[in-house]
Protein chains: 4
Amino acid sequence: MQTMQSHCSLREKQRQEREQLILKAAEEILLEKGYYETSMDEIAARVGIAKGTIYHHFPSKEELVAALITWNIEAALREVEAVVAADLTPSEKLDRLIEHVFTGIYSKRARLLSSIYNGVDIKRVFQEKEHGIKEKMDTLCRYTVEILEEGKRVGEFETSISTQAMMYAFFSLFSIRRYDAILLGGKEVPHRELFRQLRHIFLQGITRKQEPSDKE
Amino acid sequence: MQTMQSHCSLREKQRQEREQLILKAAEEILLEKGYYETSMDEIAARVGIAKGTIYHHFPSKEELVAALITWNIEAALREVEAVVAADLTPSEKLDRLIEHVFTGIYSKRARLLSSIYNGVDIKRVFQEKEHGIKEKMDTLCRYTVEILEEGKRVGEFETSISTQAMMYAFFSLFSIRRYDAILLGGKEVPHRELFRQLRHIFLQGITRKQEPSDKE
Amino acid sequence: MQTMQSHCSLREKQRQEREQLILKAAEEILLEKGYYETSMDEIAARVGIAKGTIYHHFPSKEELVAALITWNIEAALREVEAVVAADLTPSEKLDRLIEHVFTGIYSKRARLLSSIYNGVDIKRVFQEKEHGIKEKMDTLCRYTVEILEEGKRVGEFETSISTQAMMYAFFSLFSIRRYDAILLGGKEVPHRELFRQLRHIFLQGITRKQEPSDKE
Amino acid sequence: MQTMQSHCSLREKQRQEREQLILKAAEEILLEKGYYETSMDEIAARVGIAKGTIYHHFPSKEELVAALITWNIEAALREVEAVVAADLTPSEKLDRLIEHVFTGIYSKRARLLSSIYNGVDIKRVFQEKEHGIKEKMDTLCRYTVEILEEGKRVGEFETSISTQAMMYAFFSLFSIRRYDAILLGGKEVPHRELFRQLRHIFLQGITRKQEPSDKE
DNA sequence: AATGAATGAGGGTTCATTCAT
DNA sequence: CATGAATGAACCCTCATTCAT
């Protein structure tokens, strides 16, 4: 019985490993080339498997990408949840969120999402109920909203700025990489420092000015 | 001779008109569907001409899009130059720039650029010397840099924030529309008000804090 | 204007010729190999055109075959109508129908239909309203029913046999060729004579026996 | 030794049982969907075994189907032999044959054959010596020929109709089901009654008319 | 022997590009 | 020049067959 068990789980383990390899390769190529320039052939080639094999794991190119996105969003969600639950001020929470978004694996996620989000077919996948991508995205947004509104309550953020505008500004930070090539002409930049400053701009931008409010 | 001349320029005028029509149609569809979902057939159909005719004006789909981008950047460049040359404070200049970018025809341009910028082929076109897209983009950036550095000189903007970071934050505002569907769940927003607040966030984000006001 | 006209009709004529060539090639191969063994590549190759060209005339393989069937049914319908309208006894009408069905181009039609009718996808096409295949088939059946019932009225055919059974027996004659290879072991048979005898069997099979009609 | 023997025959028995299950499943699906719409995956799934296992029993899809056909023909042959050997008049024999063909399991066989007979690959299998399908089919035909010719000898059937034509008419009865959907527009029909009438048409069609009985 | 993941040839379809009219 | 039919490379996907476990 146990042998059977271990036999089965070996198979299952290999299967999942292979699936991860496919997702990884797909992610790489999608980041390099975008959805339409990525062919199933190339993904298969990069993994070193036959094209048909991909279809044992994902029923279509769209579903493969949907799985990739789902996987990334879920990971993001977990991390965001951790931040939200932590004992920190709203500013610190945002700070930490931005830090993760810009530095760690996050920026890749942001680019992935935004690089994929163009395709019309893919938008359809987004909206389709079954993947729950939209729902997860909504949850992710809700967490951010919570932080921002908490910040307004405790007087950290400007109440005269709508939460929506803050959200926009916040998420816009994620799409930046897109312009790198143009803005920087190719030369690499110390992201760490760049992100620090962007965070500063954003946080100061939404922070409540403590001026001598008595005057006002 | 003159007849010939006028004949030719009539021809030439018609030709250019047609070219404009093609560019206009291409722009519309590209904004709706993105690069890959836009087919030459559809562009031709929308203009009301034969597919082959497009190839009399543009040697390839890539070149057509490159022309479209060039045209948009040039227009942007002209407007930016006007702003730069105007007698305004750096803050006011940025303000006006943002206003144009978010409200007027600019936002369309931003979306166009960002919607197209995904494709690898297109990136290649960007880099190719002959279109001068990169050069114009550089010029456009330089103008912005000028404003920002002028702002630092005159004490309006934070000197501790690198101009590069400011640039990033500035251009990030252009990519926002992308997330509309997800962030807003479809409901329309008064863009005018939204943009006003975003501008506020950005400008306050980079504005020099008057703290050591005793000195000043 | 006339030049334009002739120009257009030339194009149109060529287009229709090409379409006929495609239909003809498709018909040949379908008869040889059946629906599934017939590839668009092969059809194109037989016509001597590129595969893509077929798709300028027919939006899909299914539609191509549907067009082929429609075309054949319509032709059959026209001929059947002529027979029905002729001044003949019901027996003679059936006779002529069978003669056409078995000898002329008809048998090819019968085989085509029956060779195609297997595919599940194709059945779907049959049922779809837009081609009107089912409707035409129904009309064709109705004509036959008319003849059979007229025959019963005038005392030529057995009233104790349901029209439906007669219809079955009638149409079954069309599917025969299918067994040729097996029944005949490959050797060719004088179809003319064979059909004459089959007609005899069928007609005698449904003919009213004149037996002691006085009693009845 | 005997243990070994019995061990082996147990194995062998299980093997044959499994083979029967595969054939049964294949038959079902083939009848539902036809040769090309039937996948090895689906057959395996219906049996509840792995796809590879099928290949331990049959070297290919073609061979599986060939085995199925062989099995059906052999069964038919046995039943036909019984009828031929029975003490009945030729008419009665035909009658019984038709009855079996239309009602019992036979009609399924007829449909199976005709549904499969389309594919080119399968035709090839038919012709290949090794399965002996053609030979058995020939034998089956020969039995029918015997009955028909016996009927002619004893004056039951028309001598002026070639045996071959009778054969055609006889076998054509088997392919009818094909047109059901079209001929009946979906409504179910009491097959028993339908078959009775078809048998009547056929038998009366080939029966010798007793008219000039005075001469004889 | 049984399994089922892997294979890869082959099919239908699309679409940027070409070219005869 | 304008036209739009023709082209054919490339794509996504299927499925009979193989083979390591």
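Numbered from 1 within each chain, the chains take letters A, B, ... in sequence-line order.
- As rounded to whole Å, 15 Å separates atom P of F:dA10 from atom OH of B:Tyr36.
- As a whole-Å value, the separation of D:Glu63 CD from F:dA16 P is 15 Å.
- We find the CZ-CG distance between D:Arg18 and D:Leu23 to be 13.0 Å, quoted to the nearest 0.5 Å.
- Within the shown strands, nothing qualifies as a pairing partner of E:dA1 under the Watson-Crick or G-U definition with both distances less than 3.5 Å.
- Nucleic acid contact for B:His57: none, since no nucleic acid atom lies under 4.0 Å from a heavy atom of the residue.
- The two atoms that bring B:Ala67 and B:Phe58 nearest to each other are CB-CE2, 3.6 Å, heavy atoms only.
- Pair assignment for F:dA2 gives E:dT21, based on Watson-Crick or G-U wobble hydrogen-bonding distances that are each under 3.5 Å.
- Positionally, the nearest nucleotide of DNA chain E for D:Arg15 lies more toward the 5' end than for the other of D:Arg15 and A:Gly52.
- Within the shown strands, F:dA9 is the pairing partner of E:dT14 under the Watson-Crick or G-U definition, both distances less than 3.5 Å.
- Between the NE2 atom of A:His56 and the C1' atom of F:dC19 there is a distance of 13 Å, rounded to whole Å.
- At whole-Å resolution of the value, CE in A:Met40 and C1' in E:dT7 are 15 Å apart.
- For the atom pair CD1 (A:Ile49) and CD1 (A:Ile43), the distance works out to 9.5 Å, reported to the nearest 0.5 Å.
- Rounding to whole angstrom units, CD of residue B:Glu42 and P of F:dG4 are separated by 17 Å.
- Taking all atoms of both residues into account, the shortest heavy-atom contact from B:Lys61 to B:Thr38 is NZ-O, 2.8 Å.
- At whole-Å resolution of the value, OH in C:Tyr35 and C1' in E:dG11 are 11 Å apart.
- For F:dT17, its base sits under 3.5 Å from the side chain of D:Lys51 at one donor and acceptor pair at least.
- The shortest non-hydrogen separation linking B:Ile133 to B:Ala66 is CD1-O, 3.8 Å.
- Nearest-nucleotide mapping onto DNA chain F: of A:Gln14 and A:Asp41, the residue sitting toward the 5' end is A:Asp41.
- For F:dA5, neither phosphate oxygen OP1 nor OP2 lies less than 4.0 angstrom from any side-chain nitrogen or oxygen of C:Arg18.
- Distances shorter than 4.0 Å separate some side-chain N or O of D:Thr53 from OP1 or OP2 on E:dT3.
- Rounded to a whole Å, the CD atom of D:Glu17 is 13 Å from the P atom of E:dA2.
- Here E:dG11 presents its P atom at 17 Å from OH of A:Tyr55, a figure rounded to the nearest Å.
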